[in-house]
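Chain naming here is simple, since letters A, B, ... match the order of the sequence lines and numbering starts at 1 in each. The model shown is predicted, which means the values in this text are computed figures rather than measured ones.
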2 protein chains.
Amino acid sequence: MARTISIPLGVDPAQFGELNPDFFKALGDPVRLALVAYLAHLGKPSTVTEVSGCCGVDFSGVSRHLKILREAGIVTAEKRGRKTYYALDADKITSSLHGLSDILEALSK
Amino acid sequence: MARTISIPLGVDPAQFGELNPDFFKALGDPVRLALVAYLAHLGKPSTVTEVSGCCGVDFSGVSRHLKILREAGIVTAEKRGRKTYYALDADKITSSLHGLSDILEALSK
DNA sequence: TTGATATTTGCAGGTATATGCAAGTGTGAC
DNA sequence: GTCACACTTGCATATACCTGCAAATATCAA
């Protein structure tokens with residue numbers, strides 16, 4: 001699967017912010033979206049064990065989902081001892097959303 | 001596939017705006033994201049034929065992709081004669097993005 | 001009516017994704 | 001060292017998805 005979109009002919013690549021399908025794909029799964037909501041609810045870096053059980057999936061699956069979220073720049077992962085703390089990466093999420101907001105702004109002009 | 005996420009235990013459903021995985025999943029495909037960018041570039045309601053050829057997929061595939069984008073509330077479709085005009089639905093996109101922005105705001109508090 | 005245009009849908013293929021269970025890795029406690 | 005803990009990864013299965021081609025539908029033009 002492509003990591004970035006191929007800019008269509010006639011579209012100025014600089015016209016819009018970065019548009020990465022992997023970012024949206026990562027959020028396009030109900031479990032991962034629930035994990036994001038739950039991480040926001042907890043409001044602090046949390047472990048796989050802590051967030052498991054909120055989505056009805058095995059913790060191994062949660063681990064995999066968190067990896068996908070991390071690779072998409074949605075969460076950060078920090079290892080401390082035998083625990084890994086996952087937290088929302090607000091800055092990266094914001095910048096990933098800019099591509100879309102730019103499109104909407106361009107439309108209203 | 002679930003249409004909405006199941007709210008994790010301990011999360012107040014009213015705390016965040018609507019979070020629909022189908023919205024993000026629709027944008028999580030390189031072709032569909034390119035279509036969105038191209039529709040924005042054209043800046044006007046456009047037909048399947050017009051946007052086809054910008055993504056290297058058969059027009060039948062483009063038709064299917066546009067249907068997915070429509071069902072996700074990203075584009076509108078209006079039939080006029082034998083043509084169907086697709087256009088970005090800025091309002092719906094904006095409101096779908098609010099769920100995420102709400103999360104980010106809640107984090108910074 | 002006949003034919004061209006515009007789009008949608010059925011079908012079949014290949015590929016990708018999500019899941020649970022079990023096994024593996026690494027770290028800390030004793 | 002030995003054990004439990006926290007997490008990750010391999011494997012197998014089932015499901016979902018994207019794609020092109022061809023056929024079907026619908027509208028307009030002549």
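- Phosphate proximity of C:dA6 to B:Thr84: absent, as no side-chain N or O sits under 4.0 Å from OP1 or OP2.
- Whole-Å rounding puts the B:Tyr85 OH to C:dT5 C1' distance at 12 Å.
- For the atom pair B:Ile74 CD1 and B:Leu27 CG, the distance stands at 3.5 Å (nearest 0.5 Å).
- For the pair B:Val48 and B:Ser63, the tightest heavy-atom approach, listed with the atom from each and the gap, is CG1-N, 4.3 Å.
- Residue A:Ile68 is in sugar-phosphate contact alone, with no base atom involved, counting any heavy-atom pair closer than 4.0 Å across all strands shown.
- In this model, the phosphate group of D:dC5 is not approached by any side-chain N or O of A:Thr49 to a distance below 4.0 Å at OP1 or OP2.
- With distances taken from any side-chain atom of A:Asp29 to the nucleotides C:dT8, D:dC7, C:dA18, the minimum falls on C:dA18.
- For the pair B:Glu78 CD and C:dT8 C1', the computed distance is 18 Å after rounding to whole Å.
- Atom-to-atom, CG of A:Leu66 to C1' of C:dT17 comes out at 17 Å; the value is rounded to the nearest Å.
- Ranking C:dT8, C:dT19, D:dC7 by closeness to the A:Val48 side chain, first place goes to D:dC7.
- Taking only side-chain nitrogens and oxygens, B:Ser63 comes nearer than 4.0 Å to OP1 or OP2 of C:dT8.
- Rounding to whole angstrom units, CZ of residue B:Phe59 and P of D:dC18 are separated by 18 Å.
- Looking at heavy atoms from C-beta onward, B:Ile68 lies in side-chain contact with B:Arg32 at the 4.5 angstrom threshold.
- Of the possible donor and acceptor atoms, one in the side chain of B:Ser96 sits under 3.5 Å from a partner among the backbone N and O of B:Lys92.
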Please encode protein proximity along nucleotides 25-30 of chain D as a string of B, S and -, counting only heavy-atom distances under 4.0 Å.
--BB--

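- The CZ atom of A:Phe23 sits 11.0 Å away from atom CG of B:Leu33, with the distance rounded to the nearest 0.5 Å.
- Nearest to the side chain of B:Lys83, among C:dT9, C:dA6, D:dC21, sits C:dA6.
- Look at CG on B:Leu69: it is 12 Å from P on C:dT8, rounded to the nearest Å.
- The shortest non-hydrogen separation linking A:Ile103 to B:Ala37 is CD1-CA, 4.0 Å.
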Show me the dot-bracket string of DNA chain C, counting Watson-Crick or G-U pairs under 3.5 Å, with | for pairs to another strand and [ ] for crossing ones.
|||||||||||..|||||||||||||||||

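- Every pair passing salt bridge (charged side-chain N to carboxylate O under 4.0 Å, His left out) that includes a residue from residues 45-58 of chain B is listed here, sequence neighbours excluded: B:Lys44-B:Glu50.
- A:Tyr85 and A:Leu69 fall into different hydrophobic clusters, where Ile, Leu, Val, Met, Phe, Trp and Tyr side chains are chained together by heavy-atom contacts under 4.5 Å.
- Atom CG in B:Leu35 sits roughly 13 Å away from atom P in C:dT7 (whole-Å rounding).
- The side-chain contact (heavy atoms from CB on, under 4.5 Å) test applied to B:Thr94 returns A:Leu104, B:His98, not counting sequence neighbours.
- Atom-to-atom, NZ of A:Lys25 to P of D:dC18 comes out at 9 Å; the value is rounded to the nearest Å.
- At whole-Å resolution of the value, CD in A:Glu50 and C1' in D:dA6 are 12 Å apart.
- Looking at heavy atoms from C-beta onward, A:Leu39 lies in side-chain contact with A:Ser46 at the 4.5 angstrom threshold.
- Formation of a donor-acceptor pair under 3.5 Å by the B:Thr84 side chain with backbone atoms of B:Arg80 is not found in this model.
- In this structure, B:Tyr86 reaches the sugar-phosphate backbone alone: every heavy-atom distance under 4.0 Å involves primed, P, OP1 or OP2 atoms, never a base.
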Under 3.5 Å between N/O atoms: give me all the protein pairs with nucleotides 10-15 of chain D, atom names plus distance.
unit_1, atom_1, unit_2, atom_2, d
D:dG10, O6, A:Arg64, NH2, 2.4

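- OP1 or OP2 of D:dT19 sits under 4.0 Å from a side-chain N or O of B:His65.
- With sequence neighbours left out, A:Lys67 forms a side-chain contact (heavy atoms from CB on, under 4.5 Å) with A:Arg70, A:Glu71.
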